[in-house]
Structures are given as C-alpha cells and as structure tokens.
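Input: a single structure, listed below in structure tokens.
FYI, the numbering just counts along the sequence from 1. Note that ligands are numbered from 1 as they come in the structure, with each ligand's atoms numbered from 1 the same way.
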Amino acid sequence: MELTTWNIPVLALRGLTVFPHMNLTFDVERPISIAALSRAMETDQEIFLVTQKELGTAVPGEKDLYRVGTVSHISQVLRVSEGSVRVMVEGGRRARMKRLWQSEPFLQANVEALPEQKDSEAFLNSARTEALLRQTTVLFEEYAERAPSVPDEVKAQVLDCRDPGYLADFLAQNVQLRAEERQSILEEPSSYIRLRKLNEFLARENDVLAFEGEMEDKVRSQLARSQREQILRAQIRVMQGELGESDDGDDELEEYRMRILQLELSEDTETHLMKEVDKLAKQPYSSAESAVIRNYLDVCLEMPWNTVTKERLNVEAARKILDRDHFGLDKVKQRIVETIAVRQMNPGGKGQILCLVGPPGVGKTSIAISVAKALNRKLARLSLGGVRDEADIRGHRKTYIGSMPGRIIEAISRSKSMNPLLLLDEIDKLGSDYRGDPASALLEVLDSEQNGSFRDHFMEIPVDLSKVMFITTANTTDTIPRPLLDRMEVIELGSYTDEEKLQIAKNHLLPKQLKEHGLKKSQLRVEDDALRAMIRDYTRESGVRVLERRVAALCRKADVRLLTTDVKRITVTEKDLHELLDMLPYPPALHTDREEIGVVNGLAWTEVGGEILEVEANVMDGSGKLELTGNLGDVMKESVQAALSCLRSRVEIYDIDPEFHKNKDIHVHFPEGAVPKDGPSAGIAIATALCSALTGRKIRAGLAMTGEITLRGRVLPIGGLKEKTMAALRNGIKTVLIPADNVRDLEQIDQTVRAALEFVPVSNVDEVLSRTLCPAPARIKSRVEKKPEPQEQTPVAAFAPARENSGDALRQ
Ligand code: ADP
C-alpha cells in the first residue's frame with residue numbers, strides 16, 4: 001500500500017539535483033549526510049535527495065532546502081577515506097517535503113509523493129510534441145557543439161529518446177544549467193512544459209556559450225598576436241642557442257634605439273640611424289652584414305654629438321699659460337694671443353687657421369697643446385705625414401669590409417667633444433696619387449664656409465666641424481699645397497740658439513723630466529756648464545727634442561743611483577756627462593779653426609734646420625776629367641760646372657794654370673755621401689774650394705759661406721739664411737759670407753746670432769775669394785800683387801731673387 005506521506009532520512013545536496021530515473025555517483029562528507037545514509041542503509045535504502053538553496057550552509061534547516069526532491073534508491077555506499085563516502089543512487093519519484101522534523105543526528109523529513117504524469121500515446125505522437133522534441137534535438141546538438149565535453153553516450157540517448165518528460169529530466173541532469181533552472185524543471189509535473197522549459201534554458205545556455213566562444217576568440221586573437229611574437233622570438237633563441245649564437249639580439253636593438261634617442265640628434269640623422277637599426281634587426285645575428293651595421297652604429301654613437309667643452313676666451317689667462325709653458329717664442333705667443341683676443345671680441349667669427357712652421361723640436365706641438373689648455377678645449381692630434389689617399393681624410397664607404405671613418409672624424413671621436421683643437425701635424429708631408437687628392441678633402445675640412453656639414457664617406461651623415469679649431473704644423477711651407485697654404489696663417493718658429501736652449505733646458509725640460517722621473521729638485525742638480533756642454537757636444541739639432549731626451553737619460557741614471565746606493569743627492573757636472581749619457585760627445589765641427597787647402601764650409605738648409613756642408617776639392621795631374629761625388633742633385637752638379645767655368649775665365653787673375661782643364665783632373669766631393677744634396681746655394685763655396693785647390697792657397701779659418709754663383713761670377717741671394725747662420729754659430733764659425741742681397745734678411749736673425757757672427761755681404765766671386773783665400777805662397781805672391789783683383793762691375797740690385805728648392809735634398 002502506498003502511503004501519501006511518510007518519514008524518510010534526508011540528504012541535502014550542494015550544487016546538485018538528482019532527477020527521477022537518473023543514476024548518479026557523488027561523494028558525501030558531512031556527518032549529518034553520512035548519518036542519513038547509514039540510517040537509510042539500515043532500513044529500505046530509500047533517501048530523500050533535495051538540493052539546498054545556498055552552497056555554504058553547513059547544517060541546513062527547513063527553509064534552507066528546496067521543497068521538491070527525489071526519493072531515491074541507494075545502490076551502493078563506498079568508504080573512500082576517513083570521513084568520506086562515495087554513494088551511488090538511482091533517482092526515484094518526485095516528492096515534496098512537508099516538514100523537516102529532525103535535524104540531528106541526521107535530517108529527517110515527512111514527505112509526500114508527487115503524482116507522476118502518464119503521457120498518452122496521442123500526446124506522445126502529436127505534432128506539437130514532435131516539434132518540441134525536434135527543437136530539443138537541434139538545441140542539444142548546438143549545445144553539444146559548443147560545450148566543452150559532452151560524452152557520446154549522452155548524445156546517443158538524447159537523439160534516441162522520444163519521451164518528453166524523461167528527456168527533460170535527462171537533459172536537466174546532464175547539461176549545464178543553473179541550480180534554480182534545474183530545480184524548476186524538477187518541480188514541473190507536466191512533461192510537455194518541462195521539456196519546453198528545458199528548451200528555453202538550453203537556448204539561453206547556447207547563447208551564453210556562443211557569446212563565451214566569441215569572447216574567447218577575441219581574447220585568443222589578441223593574445224595570439226603578442227604570444228606569436230614571443231613564441232617566435234623564443235624559437236629564434238632556441239635555434240640560435242642550437243647554432244651557438246648569442247641570444248641577446250633584442251636587447252641589443254633596444255639598446256641601440258635608446259642610445260640614439262638619448263643623443264637628441266637632428267631629425268635626419270636620427271631617422272638615418274634608426275633605419276640602420278631596423279636593417280640590423282632583419283639580419284641574422286652573426287652575418288657579415290650585421291657586423292658591418294653594428295660597427296657603423298658603434299662608430300656613429302661614439303661620436304660626441306652634443307658634447308662641447310666650455311671655451312675660455314681670456315687673453316690674460318692665455319698669455320699666462322703660454323708664458324708658463326714656453327720660453328721665448330715671443331712672436332709666436334703674441335700672434336696666438338691676438339687670435340684669442342679676436343675670438344674674445346667676436347666669439348661667433350670664423351677663426352683663422354694657424355700653421356706653425358719650423359724645424360723639429362722647436363715647440364710647435366707643445367705650443368698647440370698650451371693653446372688647447374688656455375682655451376679649455378680638448379686636443380686631438382693627427383699626423384698627415386704620408387697620407388696619400390683621400391679616404392684617409394674622408395674614410396671609406398661603410399660597405400667595404402673593415403672600413404672606418406677618416407682621420408678627422410676619428411680624431412674628433414677620440415677628443416670626445418665637438419669643439420676640440422685639432423692639431424694637424426706635418427701638413428707639408430701630405431702626398432697625393434691616383435687614389436685621390438687628400439689636400440682637396442682637407443680643404444673642405446679647413447674651409448669655414450663648408451665645414452659646417454662635413455661628410456665622411458663612412459659616416460654618411462653630416463658632421464659639423466665649424467666649432468673645431470685647427471692648428472697645423474709643418475717643417476717647411478714649400479711643399480704645402482698652395483690652396484691649403486692660402487687658407488692658413490703661417491707663423492714661423494726658428495731654431496734655438498745655445499743660450500735659448502740653456503734657458504729652456506733649465507726652466508722647462510729639466511723640471512718636466514724631474515717630475516716624470518719622480519725626482520725632487522734637491523735630488524738632482526745639473527750645473528749650467530753641464531747643460532751647456534750637453535747642448536754643444538751631445539746634441540746637434542735646431543730644436544730641443546734630443547736635448548730633452550738627454551735630460552731624461554740623466555734623470556733615469558739618477559733614479560737608479562738613488563735607489564741602489566747611499567747617495568742622497570746628485571750633482572751633474574760637465575765631466576760626468578760622458579759616463580751618464582753613455583755616449584761620446586759629437587766630434588767638434590771640422591775645419592772651423594784650421595786653414596786648409598780645398599776644403600770650405602758651405603751652409604745648407606734642410607727642413608730640420610741649418611747645417612754646415614763641407615765642400616772638398618782636389619786637383620791632380622790628369623787629363624781634364626771632372627769628378628763629382630757625394631750624392632748630388634742636378635742643380636748642384638751644374639753649380640760645380642758654373643763655378644769651374646767662372647774660374648776658367650779668371651785664370652789670369654788667380655794665377656791658375658790656363659791648361660788645367662786639359663792636364664788636371666778635378667774631384668769635388670761633399671762628405672756624408674749618404675745624405676742627398678741639391679740646390680744652387682753652395683756656388684761660392686764650390687768656387688772657393690776649386691780656386692784654393694787650383695792655386696794651392698789656403699782657406700782662412702772660421703769661415704762659412706752661402707750664395708749662388710753665375711758664370712760671370714755674380715753672387716745671387718739664397719733662402720734659409722736664418723737657419724744657416726744658426727748652424728754656423730753652433731759649429732764655431734766666426735765669419736759668414738752672405739750674398740749682398742740677403743743683407744735685408746739679417747733683421748730676422750736672432751740678436752745673439754747677429755752679435756756673435758761677423759757677416760760679410762758679397763756680390764761677386766772676386767770679393768768672395770779675396771775674403772776667403774789666404775795670400776798665395778811666397779813664390780806666387782809677387783805675381784798676384786802685381787795684378788790686383790778687379791772690382792765688381794755688375795749692379796747688385798739686378799740680381800734675381802733667391803731660388804727656392806722643392807726637392808727633399810739638403811739645400812745649399
Ligand atoms: P715640434 O712639435 O716643433 O717638433 P715639440 O713641441 O714636440 O716640437 O717640442 C719638443 C719638446 O721641447 C717638448 O717637450 C716641448 O715642451 C719642448 N720645448 C720646445 N720649445 C720650448 C720652449 N720654447 N719652451 C719650453 N719648452 C720647449
């Protein structure tokens with residue numbers, strides 16, 4: 001007999017609804033639930049399964065539970081673990097809870113069964129029902145497509161089922177619905193309405209799923225883009241790793257970009273460099289092309305684009321620095337101070353380019369260094385000696401492997417500022433050949449109109465050189481290309497006299513070297529006499545470069561001695577030099593104090609200063625041969641011929657054998673045969689040597705001479721007088737014969753030299769010979785007295801100007 005109401009243990013379900021005829025397995029943990037199960041198992045294994053409204057309620061009361069549930073049959077209870085059982089149930093009939101009358105130790109309620117609706121055949125076969133079923137199938141198929149995982153057996157059952165009530169329950173149990181929706185289906189007695197409700201819910205669920213899918217797609221595609229890149233990068237890294245390549249490519253590109261932006265370059269330059277970085281990004285890391293681009297970027301980024309030092313334009317301060325660093329050189333300092341004054345008055349003006357010309361070691365470089373110091377500019381030196389290729393100045397295009405920027409850009413980069421003082425050394429040694437003319441590239445650099453946007457082949461981007469100050473140095477102006485020379489203001493620095501050298505050594509070189517060698521003034525004293533001797537006997541130069549080296553040698557020796565012996569202070573006297581410098585003094589200048597036959601001191605001028613150039617002539621019996629030796633150039637050989645012809649026309653005057661050109665052999669030699677010699681200015685020296693050799697008359701001691709000779713015996717002016725006279729003084733000469741036309745040049749000659757030497761202006765060869773040759777030996781003397789030497793008749797003013805020589809040989 002069927003009871004309408006009865007008491008039954010209750011299992012409160014959380015997030016779960018059990019429908020009639022459905023088999024379900026779930027785990028149970030709450031003690032009241034386990035107790036309810038136990039109770040049911042002890043009786044008829046029936047239990048009322050009802051869903052609680054809130055998941056969180058631990059011990060639900062009557063109001064916490066829905067009213068309608070299923071009275072189900074417990075098929076199995078398994079202990080899963082301590083305090084947890086797995087229970088398998090089979091959903092039974094729908095029932096309504098009338099009252100929950102027990103809540104401990106388990107829930108127990110009084111329930112009444114809900115009537116089961118029996119569907120008639122007619123209803124089941126009706127078109128309405130069929131339409132509803134079809135709608136369900138369509139909706140479910142759509143659902144199955146979208147929902148993550150619908151088991152195949154569920155799909156099969158749904159398609160097979162023709163019972164709308166059961167189908168509604170089955171789907172409500174198996175598809176994803178909200179708890180209230182499930183509950184409302186459970187509570188619906190009419191099978192038709194139940195399925196219709198279910199279809200509604202399913203349709204809504206399908207919409208939700210569709211929407212979810214759409215969102216997922218969107219998120220996925222967004223994610224995909226960034227992830228794709230990340231994944232690709234990761235793959236590249238893995239591949240590079242496999243190939244043994246570094247994986248820091250991305251960081252590197254970013255760093256380049258950052259550095260470019262930080263430099264705040266002009267827009268064009270920035271764009272250009274950014275493009276290079278983009279190019280780099282497309283290259284495999286270790287390709288040759290990427291190495292080229294990387295090198296290019298490195299060079300460009302190392303340029304001190306926006307760095308300038310603050311220029312100090314202060315005439316007084318500059319003068320002080322120049323005076324402190326250098327002895328003498330008054331004219332040079334004055335000229336530099338003037339340049340600075342002009343800049344101070346007109347800072348925006350285009351500065352003059354100074355060209356310091358003089359022999360080595362006279363302080364050209366160190367003056368330039370002082371100027372940089374005075375102006376607070378960085379100094380960068382670059383030597384132009386031997387530069388033959390335009391690319392040396394302008395660089396090679398970056399496409400060539402190993403190409404680099406030219407020397408100008410490289411020097412600026414080295415100076416780390418855009419307004420350095422660029423010292424262009426040896427501008428007179430600039431060459432040119434088929435590879436282009438470096439001088440024209442240099443012209444652009446030095447031209448203030450053009451150098452605002454200097455283009456280096458390598459850099460490609462224009463570089464502003466307008467703030468750079470240029471100073472050039474040269475040993476001679478002769479070989480500086482004319483257009484370059486025109487753009488520069490030449491300042492000459494001459495040789496130093498011994499006295500000047502002494503002052504420089506005492507006040508500059510010695511203190512400098514003491515400091516460099518860690519010596520105190522009291523530890524090493526060098527007597528003036530020792531310095532003088534060093535200048536006289538241990539150096540032979542126009543400047544003080546070797547002298548500085550000798551002083552350094554003294555300091556080195558002093559260091560060793562102070563460290564290895566008990567000596568506390570060292571005084572160097574003249575006597576010690578031989579041992580300390582570890583060298584023999586240079587032999588004293590030859591033939592300056594002896595009267596000799598056929599040996600004359602000529603004077604030569606080279607780029608490194610003046611020198612004594614001996615001329616030797618020998619006359620022997622023979623057949624009129626003339627031999628010339630000593631590495632002579634053509635001009636010099638012709639000079640000998642001219643001197644000889646000149647003498648032949650004067651055989652009578654000097655009592656020379658008129659047949660000497662037939663029965664004598666003459667040999668003219670210039671010692672130091674390894675040194676090439678050329679130029680016309682040894683003319684009078686050669687004539688004197690020949691005449692002396694032919695007549696046997698001695699040449700007076702302490703004499704030197706310089707001057708070109710013509711066939712008719714005129715003496716023509718020469719160049720380089722200053723350096724030549726300096727050399728004469730250094731070599732102990734007392735009297736110098738100079739062309740009369742050079743007298744005006746004496747003004748430029750140093751006071752000390754002028755005071756120490758006797759200058760004899762000569763305008764023809766007879767004057768020369770009368771001053772240089774000793775009286776003839778007694779036998780001949782009477783004859784000579786009878787015939788007085790004729791006086792010059794040619795006007796001196798008509799002489800041609802000094803001929804300049806362009807060869808690299810000694811100039812006479
Ligand atoms: P240059 O460039 O003309 O060949 P440097 O400038 O190198 O010569 O000079 C060589 C050395 O001589 C340097 O140490 C320099 O300081 C020193 N020197 C040259 N002239 C003077 C001078 N007038 N006063 C002080 N030192 C000098």
Would you kindly specify which portion of R545 sits under 4.0 Å from ligand 1, judged on non-hydrogen atoms: side chain, backbone, both or neither?
-> side chain
Would you say the side-chain atoms of D425 and T473 include a donor-acceptor pair closer than 3.5 Å?
-> yes
Side chain or backbone of I504 under 4.0 Å from ligand 1, or both, or neither, by non-hydrogen atoms?
-> side chain
Non-hydrogen atom of K512 closer than 4.0 Å to ligand 1 = yes
What do we get for E548 next to ligand 1 when only non-hydrogen atoms under 4.0 Å count, side chain, backbone, both or neither?
-> side chain
Who's the nearest protein heavy-atom neighbour of atom 20 (N) of ligand 1, and how far?
-> Y496 OH, 2.9 Å
Near S366 (heavy-atom distance under 4.0 Å), the atoms of ligand 1 are 6 (O), 15 (C), 16 (O)
Give the residue, atom name and distance (to 0.1 Å) of the protein heavy atom nearest atom 2 (O) of ligand 1.
-> T365 OG1, 2.4 Å
Should you measure from each heavy atom of L329, which atoms of ligand 1 turn up under 4.0 Å away?
-> 23 (N)
For atom 12 (O) of ligand 1, grab the closest protein heavy atom and report residue, atom and distance to one decimal in Å.
-> V544 CG2, 3.2 Å
Proximity to ligand 1 by part of D325, non-hydrogen separation under 4.0 Å | backbone
Here the gap from I321 atom CD1 to E316 atom CD, rounded to the nearest 0.5 Å, amounts to 11.5 Å
Donor on one side chain, acceptor on other, K378 and S417, under 3.5 Å | no
Which bit of H508 is near ligand 1, meaning a heavy atom under 4.0 Å away: side chain, backbone, both or neither?
-> side chain
How close does the nearest protein non-hydrogen atom get to atom 24 (N) of ligand 1, and which residue and atom is it?
-> F327 N, 2.9 Å
Is any N or O atom of I367, backbone or side chain, closer than 3.5 Å to an N or O atom of ligand 1?
-> no
